[in-house]
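Chain letters run A, B, ... following the sequence lines, proteins first, then strands; residues in each count from 1.
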Amino acid sequence: MNNSQIAEIFEKIAEILEIQQENPFRIRAYRRAAETVKNLSEDISEFARKDGLLKLPGIGADLASKIKEFLETGKVSAYEKLKKKVDSSLLDMLNIPGVGPKTAKLLREKFKIKSLADLEAKAKAHKIRGLPGIKEKTEENILKGLAFLKKDTGRMCLDVAFTTAEYIISSLKSLSQVIKISPAGSLRRMKETIRDIDILVTSKKGGDVMKAFVKLPNVADIAAQGPTKSSILTKEGVQVDLRVVAPESYGAALMYFTGSKAHNIKMREMAVKRGLKINEYGVFRGKRSIAGKNEEDIYSLFKMSYIEPELRENTGEIEAALRGGLPDLVKLKDIKGDIHVHTKASDGSLSISEIARLAKAKKYEYIVISNHSKSLKIAGGLSDKKLLRQIEEIRRFNKGSKGIRLLAGTEVDIRGDGSMDYSDKLLRKLDFVIAAIHSGFRQSKEKLTARIVKAMQNRYVNVIAHPCGRLIGERDAYELDYEKIFTAARKTGTAIEINAYPKRLDLTDVNCRRARELGVKFAIATDTHTKDQMDNMIYGISVARRGWIDKKDILNCRKLKEVEKFVEKKRA
DNA sequence: GCCGTTTTCGGCCCGACTGTTTTCAGTCG
């Protein structure tokens with residue numbers, strides 16, 4: 001995908017310019033452009049084709065021409081030139097926490113550091129101390145930073161961050177000094193992966209809260225500790241930042257600490273234009289605070305609707321909020337059923353009645369039992385006979401049960417040529433059909449796209465499950481022509497799944513937004529195999545919210561009757 | 001490098017913590 005490549009080049013250029021101590025605003029311009037390009041919901045070549053590059057925020061004449069150059073030649077000559085001017089060890093050193101451009105340059109110039117290993121050796125031999133501004137402590141911190149890099153915790157999946165944050169929040173909540181406590185940062189925005197965890201507390205005794213925070217049993221190291229801001233590393237290598245503010249600043253601090261940075265900058269710029277100032281303590285006219293106790297007040301001060309955290313990426317949400325055009329986002333309580341659940345019959349661990357019990361506890365109206373199909377032998381795919389037996393079993397169960405309706409379904413394999421792993425005659429007997437690719441990931445983009453489009457043209461296929469096939473941190477998405485797929489989905493009346501399994505989150509938030517623009521319907525589903533996985537629905541919801549999807553376009557926010565109508569309409 | 005209902009030039013969000021100083025630069029978010 002061009003977008004990520006161009007974003008990376010701009011990001012690298014920014015780093016090099018930083019080393020060269022260029023104009024910081026010029027550096028920021030590259031970073032901002034990188035952000036913009038990364039967050040686009042369409043390939044940037046589409047914008048270039050339609051002469052739309054200059055309309056993108058932060059892209060002017062110069063960056064537009066660099067983008068065009070990349071699209072035509074696969075390179076940006078200015079970047080190629082810059083690369084030659086800067087030693088790669090310098091750029092490597094920037095990755096060390098605590099080491100910025102000034103320190104990196106100093107180290108390179110005084111010690112001719114050739115690599116991170118070289119730096120580590122010199123630091124260990126205490127040869128770094130003695131440089132202007134560097135003493136024992138800085139040397140120690142460089143070694144700590146290097147060790148952190150080696151661990152390379154990278155980014156964690158949303159569920160891991162959630163669990164860690166929950167533990168810390170529940171531990172601190174019991175302190176009498178803590179008034180309010182909330183997750184913030186990318187976790188509150190529910191990004192698909194999280195680098196570090198941000199937590200906000202209101203208290204009148206910040207120092208006490210911090211003391212308790214850094215003493216939590218899972219703390220391995222304290223990176224910083226002040227009365228309002230502290231940072232620790234857990235034993236699992238997760239960085240957690242805690243910020244304490246007074247109760248009257250809760251909203252302003254929550255907004256500031258939730259981000260995104262780009263969203264905050266845009267809001268602050270807006271404030272400046274109106275003669276106001278936003279910081280983490282409030283909105284100020286001169287020295288007087290005029291808002292800040294809660295987020296709602298701040299947004300309404302600017303005559304805009306409240307912006308949910310998941311939308312705060314500066315990708316048009318501020319403009320939409322000003323004109324009152326934000327989508328009606330889905331909440332957990334809107335979900336009326338789960339349409340992708342496995343049982344013991346294939347590779348799940350739950351029985352039909354266990355699933356029904358869990359679904360009732362969630363106040364669901366319906367559940368689609370969707371086991372794998374016959375060719376997926378490794379996952380215990382059901383033979384024709386076994387599927388027929390399961391249909392019978394589900395019908396019997398429904399007769400003897402109240403409060404939940406089970407639908408007989410399948411997660412049928414889309415074969416290499418786009419045909420279905422069960423005959424139409426068999427599919428017709430089911431209440432609901434989801435189809436998915438589980439093999440042949442290495443086919444060409446054209447072939448994979450054609451396979452999915454063909455599957456959608458089957459009148460019995462209601463949902464395409466985990467369309468892009470990725471496993472975060474393990475397997476990349478295969479290449480697809482999403483424009484073709486979304487267009488076909490709308491035309492054929494096939495919904496696209498938002499798979500809520502934290503390693504999948506597939507369709508992705510960015511692609512959701514494009515699909516929504518093209519009129520696609522969605523289904524949020526957990527792909528449950530074990531008991532706990534039915535709780536993953538919140539992660540799927542977060543993707544839908546980040547993708548700007550309107551509640552009315554989500555199939556399983558509808559009542560059973562309407563879901564049945566959706567199926568009937570395609571079969572007719 | 002971008003951008004404009006004050007501007008096509010001169011602005012560009014704002015503050016905390018650390019380690020080193022002895023008033024602040026560097027780094028981070």
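Among the nucleotides B:dG1, B:dG15, B:dT18, the one closest to any side-chain atom of A:Asn279 is B:dG15. The side chain of A:Asp62 has B:dC2 as its nearest neighbour among B:dC14, B:dC2, B:dG26. Taking only side-chain atoms of A:Arg26, from C-beta outward, the nucleotide of B:dG1, B:dT20, B:dC13 with the closest atom is B:dG1. Considering only the side chain of A:Arg28, B:dC12 comes nearest among B:dG15, B:dT21, B:dC12. Each of B:dT20, B:dC2, B:dG29 was ranked by its minimum atom distance to the side chain of A:Lys135; first place goes to B:dT20.
For the C1' atoms, the distance linking B:dG15 with B:dG10 amounts to 24 Å, nearest Å. A gap of 13 Å separates the C1' atoms of B:dT7 and B:dC12, to the nearest Å. Atom C1' of B:dT20 sits at a distance of 9 Å from the matching atom of B:dA25, rounded to the whole Å. The C1' atoms of B:dG26 and B:dT21 are separated by 13 Å, rounded to the nearest whole Å. Look at the C1' atom in both B:dG1 and B:dT6: the space between them is 22 Å, to the nearest Å. Atom name C1', nucleotides B:dC3 and B:dT8: the rounded distance is 9 Å, in whole Å. Across the C1' atoms, B:dC13 and B:dC2 are found 16 Å apart, a figure rounded to whole Å.
Under a 4.0 Å N-O distance rule, the pair A:Glu18/A:Arg31 qualifies as a salt bridge. A salt bridge links A:Glu295 with A:Arg188: the distance from a Lys NZ or Arg NE/NH1/NH2 to an Asp or Glu carboxylate oxygen falls below 4.0 Å. A salt bridge is defined here as a Lys NZ or Arg NE, NH1 or NH2 lying under 4.0 Å from an Asp or Glu carboxylate O, and A:Asp328 with A:Lys551 meets this definition.
When rounded to the nearest whole Å, the span between NZ of A:Lys277 and C1' of B:dG15 equals 9 Å. In this entry the distance linking CZ of A:Phe284 with P of B:dC14 reads 12 Å, nearest Å. If you take CD1 of A:Ile199 and P of B:dG29, they are 16 Å apart, rounded to a whole angstrom. Rounded to a whole Å, the CD atom of A:Glu280 is 15 Å from the P atom of B:dG29. Look at NZ on A:Lys273: it is 13 Å from P on B:dC14, rounded to the nearest Å. Distance CD1 (A:Ile142) to P (B:dT27): 10 Å, rounded to an integer number of Å. Atom-to-atom, NZ of A:Lys229 to P of B:dT18 comes out at 9 Å; the value is rounded to the nearest Å. Atom pair A:Lys261:NZ and B:dA16:P shows a separation of 16 Å (rounding to whole Å applied).
When Watson-Crick and G-U wobble pairs are counted only if both distances are under 3.5 Å, B:dG1 pairs with B:dC12.
Using a 4.0 Å heavy-atom criterion, one finds that A:Pro24 contacts no nucleic acid atom at all. The residue A:Pro132 sits apart from the nucleic acid: no heavy atom pair falls under 4.0 Å. At a threshold of 4.0 angstrom between heavy atoms, the contacts of A:Asn23 include nucleobase atoms, whether or not backbone atoms are also involved. Using a 4.0 Å heavy-atom cutoff across all strands shown, A:Ala33 reaches no nucleic acid atom at all. At the heavy-atom level, A:Ile59 lies under 4.0 Å from the strands shown only through sugar-phosphate atoms. Heavy atoms of A:Thr103 sit under 4.0 angstrom from primed sugar atoms or phosphate atoms, though from no base atom. At a threshold of 4.0 angstrom between heavy atoms, the contacts of A:Ile96 are confined to the sugar-phosphate backbone, with no base atom among them.
Within the 6.0 Å centre-distance limit, the rings of A:Phe162 and A:Tyr539 are counted as a close aromatic pair.
Heavy-atom nearest nucleotides on DNA chain B were determined for A:Ser230 and for A:Gly60, and the one closer to the 5' end corresponds to A:Gly60.
Donor-acceptor pairing under 3.5 Å, judged by distance alone, is present between the side chain of A:Tyr256 and the base of B:dG29.
In the model, A:Thr315 has no side-chain atom that pairs as donor or acceptor with a side-chain atom of A:Glu313 under 3.5 Å.
A:Ser249 places no side-chain N or O within 3.5 Å of a backbone atom of A:Ala253 that could act as its donor or acceptor partner.
In this model, the phosphate group of B:dC28 is not approached by any side-chain N or O of A:Ser231 to a distance below 4.0 Å at OP1 or OP2. Of the side-chain N and O atoms in A:Tyr281, one or more sit less than 4.0 angstrom from OP1 or OP2 of B:dA16.
Summarising the local packing, CD of A:Glu296 is surrounded by more than 12 heavy atoms from other residues, nucleotides or ligands at distances under 6.0 Å.
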